[in-house]
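One structure is given here, and the rest of the page talks about it.
What you see is a predicted model, and the numbers here were worked out from it, not measured in a lab.
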Amino acid sequence: TMQKLLSIIILSFCILQSAYARKEVVDDINDLPLDTLLSVKVDSLEIDSTTIEAPEEVYDKFYYIPRTSTIHIPMSINIPLIERRLNEAFSGLIYNDSIIDDDDLKLKAWKTRNIKLKYQADTLFYTIPVKIWAEKRFDLGITTTDKELNAEIEIDFQTTINFSKDWKLLTHTTILDYRWLSKPTIKILGMNMSISFLADQLIASNRNDFNKEIDKALNEQIPLADYMAEIWMSMQEPISTNASGYQIWIVASPENIYCTPLLGDLGKLTTTLGIKTKLDLFVGNQNPGSRRKTKLPPLKMYSNCMDTIDIGVLTDLPYELMDSVAMDLLKGTTFGEGRHSISVDTIFFYGKKDKLVIGLGVSGFINGKIYLESVPYFDKENVSIKVTDVDYKLDTRNVLAKIVNLFYKKKLKEKLENEFELPLRTEFEMIKEFGRNSIFDTEIFPDIKINGRLDDIGVERIQITPIGLKVSLDINGKLRLSVD
């Protein structure tokens, strides 16, 4: 009987000691060594704010100055198109001097066949076939007489083409040579008399007038300053399209424009147009409006330019999106083994200067929140933002920190670093689709088309802010403008 009573007392003491031990874990867990804690068979550990302190939420000031994007547009102009336009501009009567009193000569000229063009380096060569009618006044001493002259001639011209700083077309036309297709004749006493020598003198005396008329016609047909001013202003209007189910807007704030000399080769005129501009990207149905519009700046000329585009835009990855992506990855996932396992119930992100804090609400062996710190980076291969250096800041005086480090840190680190990602491919595809719908493969003016592609995406900078990650994207590609 005494032996049974002693056994009951010892068993009761063990039960009380176990209950007391459980109360000590809850009230003063940090005072227990790790081996003692783990030898106690408890179902769970409750964590309050005094057990594990959340990292401080603090942010560096966010300064964003949009990076200047550089857009180079190689341009190719089909010379047969210029030929066609010239023939449309110069049809029928192309020169008319109807006043005889100033120089004793009336003169009219008609284009009889199409003009043919050839362009070499910076000079345009062309031949104009014309029919000439003239009326020459002859002084007979006591009186004058007017005589008609008829002839047909081919005139060879050359015109050099340049651009002024104020976007005017600078042309200089020169008559190179001419050939009589029918000799000039004049009727005297009912007979047609050849007056080639006189006609040659008339052409020589009117050569400069011919040259000026050609230059004037070219500038009237190609009002370059008006075209470029219209393009410059239209560039500053928000451009909208629907891409991947989102309404997106791009607002350009152009700063500078330049080009290379206009050169000719193999039936084409070529030049490269360069534009430096700030670009902003907005997602939403509301038109963001344009910035303060600027006037067309003076033209700058460079001997050569690259043929690429380099676009910088800013995009947001809000914490709500990050929370959702992480929850899809981790919710219900179990870490640890047996009675020491935990499940992730909630996850949230915030910033601590240059660190991205990952807060995990867990249940199981530990009930409460644990915190990890990480560094976001751009994974170029997967076109996504991922995290690295996932770490639990271990406080050696904190037993819970030791438990997390022992049982869960490695698996959490592997899971987050290997599988958590915020894809930017969608944004890239949206911008590419935007380009295809609104910029590429479009006819901006009759006979003027733009083709292009976006090839690559990179990230220049990731900054942690109170609302999420601000990601500066760098997008590269090529554009080409053709006039056909």
Identify the residue among Lys278, Arg67, Lys276 that makes a salt bridge (charged side-chain N to carboxylate O under 4.0 Å, His left out) with Glu255.
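It is Lys278; the other options fail the test.
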By side-chain hydrogen bond (donor to acceptor under 3.5 Å, both in side chains), which residues pair with Ser69, not counting sequence neighbours?
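If we apply the side-chain hydrogen bond (donor to acceptor under 3.5 Å, both in side chains) test to Ser69, skipping adjacent residues, there are no hits.
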With sequence neighbours excluded, tell me which residues meet side-chain hydrogen bond (donor to acceptor under 3.5 Å, both in side chains) with Lys470.
Asp316
For Phe420, all residues meeting ring-ring contact (aromatic ring centres under 6.0 Å, His included), sequence neighbours excluded
Phe349
Holding to ring-ring contact (aromatic ring centres under 6.0 Å, His included), I want the full list of residues that pass it with Phe157, two or more places apart in sequence or in another chain.
Tyr126
Can Asp389 and Lys355 be said to form a salt bridge (Lys or Arg N to Asp or Glu O under 4.0 Å), step by step?
CA-CA 10 Å; Asp389 296 334; Lys355 301 291 186 182; 5.5 Å; no
Apply salt bridge (charged side-chain N to carboxylate O under 4.0 Å, His left out) to [X] and list each qualifying residue two or more places apart in sequence or on a separate chain.
X: Glu57; value: none
X: Lys415; value: Glu419
X: Glu417; value: Lys413
X: Asp307; value: Lys478

Tell me every residue that passes side-chain contact (heavy atoms from CB on, under 4.5 Å) with Ser91, counting only those two or more places apart in sequence or in another chain.
none
Who pairs with Thr260 by side-chain contact (heavy atoms from CB on, under 4.5 Å), at least two apart in sequence or on another chain?
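Testing Thr260 for side-chain contact (heavy atoms from CB on, under 4.5 Å), a comparison that skips the adjacent residues, returns Thr271, Thr272, Cys305.
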Please collect all ring-ring contact (aromatic ring centres under 6.0 Å, His included) contacts where either partner lies in residues 294-330, sequence neighbours excluded, each pair once.
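As it turns out, the ring-ring contact (aromatic ring centres under 6.0 Å, His included) pairs with a partner in residues 294-330, which skip direct neighbours, are Tyr258-Tyr302.
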Show me the pairs that pass side-chain hydrogen bond (donor to acceptor under 3.5 Å, both in side chains) and involve residues 325-336, at least two apart or across chains.
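For residues 325-336: Thr334-Ser343.
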For Pro297 and Trp167 the tightest heavy-atom approach is O-NE1, 2.9 Å
